[in-house]
Amino acid sequence: MKILLLISLIISCYLIQQSNSENIRPVVLWHGLGDSGLDPLTMGKLKELIENQLPGIYVKNIAIGNSIAEDSFNSFFKNVNEQLDIVCKMLKEDSNLTSGFNAVGLSQGGQFLRGYVERCNDPPVYNLVSLGGQHQGVSSLPRCTALNTTLCKIADALVELGVYEKYVQDTLVPGEYWQDPFNYDEYVEKSVFLADINNVRSEKNQTYKDNLLSLNNFVLGEFLADTIVIPRESELFGYYAPGQDNIILPMEKTDLYIEDWIGIQQLDNEGRLIKISCPGNHLQFTDQWFNENVIPYLNN
C-alpha cells in the first residue's frame, strides 16, 4: 500500500512539473553586434541561465547562418530587412512557438525584435525585453567588441564612405540604425531600417503601432555606465535634439513619443512601458541582476 502511494505521489509530481513547463511561454533571444546565437560561451550561457531558472522552458537563440563565424559576420553586414524576413519565417515555422513567446533582445537585437513585432508578430510576442537596444539609433559606430577585429575595420571603412550612401545602407548593419543629429532630413529620407520602424516619415504605418500596442509589456533596459552606445539614452528612446550632439532629449520630449508614432506613449500611460537599469557598461550584467530584473517577465 505504501509503495502504491509513493508511486502515485511521484506520478503526480511529474505531471504537475510537466504541466507547469508546458504553461511557461517560450523565450526567443536575439544577440548583439559581433556575437552569435550559436556561441556556447555567450548566448549559450544566457540560454542555460534561463533554463535553470525556469525548468522545462523552451529557449530559442536566433542565428542568421550555420556557424558562429557566419552569424557574427551577418550581424555586421547582412541587411537588417533581409534578416527580419528570415527571422519572421524562422519563428513562424517553429512549432514550439505557435502560441506565442516572450522575447529578449541584446543590444541591436532589441530593436531588431521590435522590428519583428511591428512587421510580423506571427507568432505574437507577449513581453518584449530590450537590453541596451539602440531604439533611437546611434550617432557613431559602436565601439567594436567583436572577436574578429577585421569585421570592425571593414565597418569603419564603410562609415568613411558615407553612412547614408546606398551601398552602405544596404550593407552595414549599424548604418541602418544610424541617426545623424546634424543631418536629420537625410536620415529620414535614406535610412533603410530605423526611420521605417520608428515611423518618422510623413506617411505612418498604423500596423506598426497596432502591433507594438499588442504587447503585454515592453521592457527597456539601460546600462548606466555604457560607453559602447552613443548616446546611451537611445536605450530608453531618448536622443540628441536636432542640429547638435550635446543636448539630449529624454523619450518623453521626443516627437516620436509626443505624437505617439509607434505607440510608446500609450504603452507608457497604461503602465506597460517598463524602464529598468543596470549599473554596468554595455551588456555587463550579472546572473543575479538578470534573474531579479528580467526573469519575472519570462515566468508566465
Evaluate whether atom [atom1] of [X] has more than 12 neighbouring non-hydrogen atoms of other residues, nucleotides or ligands under 6.0 angstrom away.
| X | atom1 | value |
| --- | --- | --- |
| Gln288 | CD | no |
| Lys45 | NZ | no |
| Tyr167 | OH | no |
| Asn269 | CG | yes |

Step-by-step ring pair (Phe, Tyr, Trp, His ring centres under 6.0 Å) determination, Phe285 to Phe290: CA-CA 7 Å; Phe285 55 83; Phe290 189 89; 5.7 Å; yes
Looking only at side-chain N and O atoms, does [Y] offer a donor or acceptor that is under 3.5 Å from a partner on [X]?
| X | Y | answer |
| --- | --- | --- |
| Arg114 | Asn198 | yes |
| Tyr239 | Gln179 | no |
| Gln134 | Ser107 | yes |
| Tyr257 | Asp268 | yes |
| Asp245 | Ser139 | no |
| Asn121 | Asn211 | no |
| Gln169 | Glu165 | no |

To check you understand the geometry: which heavy-atom pair defines the closest contact between [X] and [Y], and what is its length?
| X | Y | result |
| --- | --- | --- |
| Ala225 | Pro279 | CB-O, 3.5 Å |
| Gly65 | Leu38 | O-CD1, 3.9 Å |
| Asn66 | Glu70 | N-OE1, 2.9 Å |
| Leu298 | Ile24 | O-CG2, 3.9 Å |
| Val192 | Asn81 | O-ND2, 3.1 Å |
| Ser36 | Ser72 | CB-N, 4.5 Å |

Plane angle bin for Tyr187 and Tyr164 - parallel if under 30°, tilted between 30 and 60°, otherwise perpendicular: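 Plane angle between 30° and 60°, so tilted.
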Ring geometry between Trp289 and Phe223 (parallel below 30°, tilted from 30 to 60°, perpendicular above 60°): tilted
Kindly indicate, with the supporting measurements, whether the criterion side chain to side chain donor-acceptor pair (under 3.5 Å) is fulfilled by Tyr58 and Asp94. CA-CA 11 Å; Tyr58 175 74; Asp94 190 330; 2.6 Å; yes
Give the intermediate values and the outcome of side-chain contact (heavy atoms from CB on, under 4.5 Å) for residues Tyr177 and Val138. CA-CA 7 Å; Tyr177 54 84; Val138 295; 4.1 Å; yes
Between His31 and Phe112, ring centroids under 6.0 Å: no
Taking the side chain as C-beta and beyond, is there a heavy-atom pair between Ile262 and Glu118 under 4.5 Å? yes
Ile64/Ile62 under side-chain contact (heavy atoms from CB on, under 4.5 Å): CA gap, chis, key distance, verdict: CA-CA 7 Å; Ile64 310 294; Ile62 290 174; 4.2 Å; yes
[atom1] of [X] to [atom2] of [Y]: how many Å apart, nearest 0.5 Å?
| X | Y | atom1 | atom2 | result |
| --- | --- | --- | --- | --- |
| Glu222 | Cys278 | CD | SG | 10.5 Å |
| Lys47 | Asp39 | NZ | CG | 13.5 Å |
| Thr227 | Arg232 | OG1 | CZ | 11.0 Å |
| Ile247 | Lys253 | CD1 | NZ | 13.5 Å |
| Asn293 | Ile274 | CG | CD1 | 12.0 Å |
| Asn216 | Leu128 | CG | CG | 11.5 Å |

Determine whether a donor-acceptor pair (N or O, by modelled atom type, separation under 3.5 Å) exists between the side chain of [X] and the backbone of [Y].
| X | Y | result |
| --- | --- | --- |
| Glu176 | Val80 | yes |
| Asp226 | Val229 | yes |
| Asp71 | Ala63 | no |
| Gln136 | Phe237 | yes |
| Asn127 | Asn102 | no |
| Arg201 | Val188 | yes |

Hydrophobic clustering (ILVMFWY, side-chain heavy atoms < 4.5 Å, transitive) - are Tyr297 and Leu131 grouped together?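 Cluster IDs for Leu131 and Tyr297 match.
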Ile295, Ile276: one ILVMFWY side-chain cluster at the under-4.5 Å cut-off? yes
Would you kindly check if the NZ (Lys) or CZ (Arg) of Arg25 is within the cone defined by 45 degrees around the ring axis of Phe101 and under 6.0 Å from the six-membered ring centre? no
Looking at Trp261, does the NZ or CZ of Lys209 lie under 6.0 angstrom from its six-membered ring centre and within 45 degrees of the ring axis? no
